[in-house]
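All remarks here apply to the structure that follows.
Order of the sequence lines fixes the chain letters, A, B, ..., with proteins taken first and strands second; residue numbering starts at 1 for each chain.
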Number of protein chains: 2
Amino acid sequence: MKLEKVTEQRKRHYDDACGTAHAMDLIGERWAALVVRELLFGPKRFGELRADLPGLSANVLTQRLEGLEESGILQRRRLPPPASAQVYELTSWGYELEPMLLALGRWATRSPLHDPTLPISPTALMLSFKSMYSADRAGDLTATFVIRLGEYSFRLEIAGGAIGVEKAEPDARADAYISAEPAALGAFVYGGAPIDLLAVEGDRALVARLPGLVPLPPKAGS
Amino acid sequence: MKLEKVTEQRKRHYDDACGTAHAMDLIGERWAALVVRELLFGPKRFGELRADLPGLSANVLTQRLEGLEESGILQRRRLPPPASAQVYELTSWGYELEPMLLALGRWATRSPLHDPTLPISPTALMLSFKSMYSADRAGDLTATFVIRLGEYSFRLEIAGGAIGVEKAEPDARADAYISAEPAALGAFVYGGAPIDLLAVEGDRALVARLPGLVPLPPKAGS
DNA sequence: CGGCATCCGGGAAGATACTG
DNA sequence: CAGTATCTTCCCGGATGCCG
């Protein structure tokens, strides 16, 4: 413990009352927004975050978690004794970032420089379904998928024109089940790859409709 | 000119197909989002950007403008010969960032750490009106303001429940005129400062209603 | 293993001065 | 006015090691 630097000039910040500037103070540091993204489906442990964000080193992750906690965007929480582990969880205010991060993601996807062949995390892929979902394309479809991506499983539900995605048990009830690597599922949904490369159970025709439900937005013209 | 480093590994980037990650590649660098913010009401010259973003040094501004141009978010444009000056202007895709930057600003304003007493640029203040505007509060009010903030003048129009803000001539027609420093107008609208500190012409009662039209959102509770 | 501290190299940011 | 050149400072990213 060191008490030096009582002055502690709160890092580098924009000296600006503008809300947008403050937003960049809060989540504009490198990796900060992606840490928030990874927590949007629920709490995670340090090691999970590290595994889901390759390229982010442990010391920087520590710094970001400290900063985001001080900002009130997330909390560290200790799980009940049986599995006494520490997890990081967004606060309700932190969860409110979801629509903005999704909108930014949808906007950035239209960049000519965007490369969809790069690796993608399970969380990011499931969030992309929420941001690309087209209610028009879905019509009055009602369907439930369970999607298993590595260690994580999600339940994707389409009903009443709306889409919902949440963490789920791998064996939760659903009309169709997909097991795949994130990259493979991304290639199928967004890249036109054949369905044969996925492990599908249940209603295969429903899975075949999935790419049509989440069309990529058109690229930005000059 | 130096041609070394043909490899040119496109700066630092997140190696991630996620749209949100790409968005942070595009506008997550320091000052980038604020440069975009300053251009949301129209093109500006290098010196104007520099004046409106105190703390941003010339060399960094040059780098950001280069990066944002390569990304297709803005263009440099040369004005017709009479006033042969170069300006920077958002592309239509760049302008689409407005609702996201406003939403982030509104969200960040609810941070316990947000300090509204810091300096604010004319553009940022006028944008804040768009993001804080409450149609409920406005009811069926119809009103037009001309707001003069230093070198810039804006026209703020409320009609049919909607708000519109745009650059305007200082003597454009309006129901009421306000001339002030950005900080003074901010203190009146958001800080409860008395109207006497503003230079007002025209319908003074209309100006008195302004703070009620743009209520600050409640702070985030834990 | 999870979390955090420390050291180091490279590179971006910030301040200042300079040039067309 | 519109940038460029240079120098310093600090952040980022990787490696290592300590401690619970």
Subject >> Options C:dC4, D:dT4, C:dA13, nucleotide nearest the side-chain atoms of B:Glu29 >> reply: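 The closest nucleotide is C:dA13.
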Original post:
Between D:dT4, C:dA5, C:dA13, which one does the side chain of B:Ala58 approach most closely?
Top reply: D:dT4
Think [X] has a side-chain N or O under 4.0 angstrom from the OP1 or OP2 of [N]?
X       : N      : answer
A:Tyr14 : C:dA13 : no
A:Arg64 : D:dC12 : yes
A:Arg45 : C:dC1  : no
B:Gln63 : D:dG3  : no
B:Trp31 : C:dG14 : yes
A:Arg12 : D:dC10 : no

Donor-acceptor pair between [X] and [Y] side chains, under 3.5 angstrom:
X        : Y        : value
B:Glu169 : B:Ser153 : no
B:Ser111 : A:His22  : yes
A:Gln75  : A:Thr91  : no

**OP:** Decide yes or no, distance alone: a donor-acceptor N/O pair under 3.5 angstrom between the base of D:dG3 and the side-chain of B:Asn59.
**Re:**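 Looking at the base of D:dG3, it does not pair with any donor or acceptor on the side chain of B:Asn59 (distance under 3.5 Å).
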[X] bridged to [Y] by N-O distance under 4.0 Å:
X        : Y        : answer
A:Arg148 : A:Glu201 : yes
A:Glu66  : A:Arg64  : no
B:Lys130 : B:Glu98  : yes

Report the distance from atom [atom1] of [X] to atom [atom2] of [N], rounded to the nearest whole Å.
X       : N      : atom1 : atom2 : answer
B:Leu61 : D:dC1  : CG    : C1'   : 13 Å
B:Arg50 : C:dA15 : CZ    : P     : 9 Å
A:Tyr88 : C:dG2  : OH    : P     : 11 Å
B:Glu69 : D:dG3  : CD    : P     : 11 Å
B:Leu34 : C:dG14 : CG    : C1'   : 15 Å
B:His13 : C:dA12 : NE2   : P     : 12 Å
B:Asp15 : D:dG14 : CG    : P     : 11 Å
B:Leu65 : D:dT4  : CG    : C1'   : 14 Å

**OP:** State the dot-bracket string of DNA chain C. Criteria: Watson-Crick or G-U wobble, both atom distances under 3.5 angstrom; notation: ( ) intrastrand, [ ] crossing earlier pairs, | interstrand, . unpaired.
**Re:** .|||||||||||||||||||
Subject >> Nearest heavy-atom neighbours spanning A:Ala17 and B:His114 >> reply: O-NE2, 2.8 Å
